[in-house]
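Here the structure is laid out as structure tokens; the discussion comes afterwards.
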Amino acid sequence: SLKRVTLVRQRSLRKVMRDHGQFSHFCKAHKLDMIEYTEDCNVFK
Amino acid sequence: EANEPLISYLDLEYFGQISIGTPPQNFTVVFDTGSSNLWVPSIYCVSKACAAHNQFQPVQSSTYQAVGTPFSIEYGTGSLTGIIGSDQVVIEGLTVSNQQFAESVSEPGKAFLDVSFDGILGLAYPSLAVDGVTPVFDNMMAQNLVELPMFSFYLGKNPESPLGGEVIFGGFDPSRFMGTLNWVPVTQQGYWQIQLDNIQLNGTVVFCMNGCQAIVDTGTSLITGPTKDIKKLQNYIGATPVDGEYAVDCNNLGMMPDVTFTINGVPYTLAAQAYTLTDKYAGTAFCSSGFQGLDIAPPAGPFWILGDVFIRQFYSVFDRGNNRVGLAPAV
């Protein structure tokens, strides 16, 4: 009676961007500061 | 006013399939215990992000009914807006009738352009639902589609494994965990919120000394906590800023401290291999911290978020019947 839903696991967007050397650009574009956790990090809400 | 969902879409890795309408239109979604709405892109969406994903076409569905309530979710990079409609939703053979869901007509920023999922299926409590829409699992319970009012998550540890993970509706699978489930009461019925007794590093209580709140959230990939605590924690584990994120030396994993979350008197210990994310970057191993600072403002916060980094190690059962979360070491 259990309904199983299979989940696939894929590379995260962060990893994909990192692969292409784009993650730091993305952070700058969105004013993300993963180090100092400024209020701009609200993107993760 | 509804609370914002907590979705760190940058790190999401686990996705499932659902279909909406008659005949079925397929969508890849995140099963997210940190929000309560179902949304997918609409065919009427004008954003580039929508064009890159499956889009729901209401006119192609004989079971669709318009509702028309405006819908909006705020993200840091913009807002997702749309309208509410109603149709049947099929999840692995379970047909949920008259499910209201949001059809997004505008999606934020460029980030959604590249994500692997089309939409989100929220599994938190109805109090979090934007527009007061009844969540999918509440309809499953009301329509007697599940034998028990609970669902459970297994998230695979090995990225190379063909089975990425599994959600079970209506119960749990003891073969996915070791020992017995430890049940933890839900302290607030919005998120799947629980009480943490304390957080230890190598057996010493360092954070959350007098207890604190946490949510168990499959829509958050890392473990988050108050920024002042996480900054110290990154320091304790030896994480240093590299190209905009906290990284650790992959050769040091064996020397890094265990991090233990004590919940309802039971220790849940994460070794360094569990709380670091190992990846290859420019041909070499790259290890990043699985912790991230995130301040959740009162009255909802502050709280810690036990995301996929935690759930990968501890099979998680979400019991709406008894308002509790069951945890046990995942196999």
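The model shown is predicted, which means the values in this text are computed figures rather than measured ones. In the text below, chain A, chain B and the rest are named by the order of the sequence lines, each starting its count at 1.
For Asp308(B), no part lies under 4.5 angstrom from a heavy atom of chain A. The contact between Leu155(B) and chain A is made entirely by side chain atoms (from C-beta outward), counting heavy-atom distances below 4.5 Å. With a 4.5 angstrom heavy-atom cutoff, Phe286(B) touches chain A only via side-chain atoms. The parts of Glu13(B) that come within reach of chain A are both its backbone and its side chain, each placing non-hydrogen atoms under 4.5 angstrom from that chain.
Top candidate by heavy-atom pairs under 4.5 Å with chain A, chosen from Gly93(B), Ser116(B), Ser288(B), Ala239(B), is Ser116(B). Interface summary for chain A: among Leu163(B), Leu94(B), Ile91(B), Leu277(B), the most heavy-atom pairs under 4.5 angstrom belong to Leu94(B). Ranked by heavy-atom pairs under 4.5 Å with chain A, the list Gly164(B), Gly156(B), Gly165(B), Ser152(B) is led by Gly165(B).
Using a 4.5 Å cut-off on side-chain heavy atoms (C-beta onward), Phe137(B) and Val146(B) make contact. You'll find the side chain of Val96(B) reaches within 4.5 Å of the side chain of Gln143(B), heavy atoms only.
Phe169(B) and Phe151(B) have tilted rings, their planes meeting at an angle from 30° to 60° on a 0 to 90° scale.
Each side chain to side chain donor-acceptor pair (under 3.5 Å) pair with one or both residues in residues 159-177 of chain B, not counting sequence neighbours, appears once here: Arg4(A)-Glu166(B), Arg4(A)-Asp173(B), Glu166(B)-Arg176(B), Asp173(B)-Ser175(B).
In this structure, the side chain to side chain contact (heavy atoms under 4.5 Å, CB included) partners of Pro159(B), at least two apart in sequence or on a different chain, are Arg9(A).
The backbone N or O of Phe177(B) sits nowhere less than 3.5 Å from a side-chain atom of Tyr154(B) that would complete a donor-acceptor pair.
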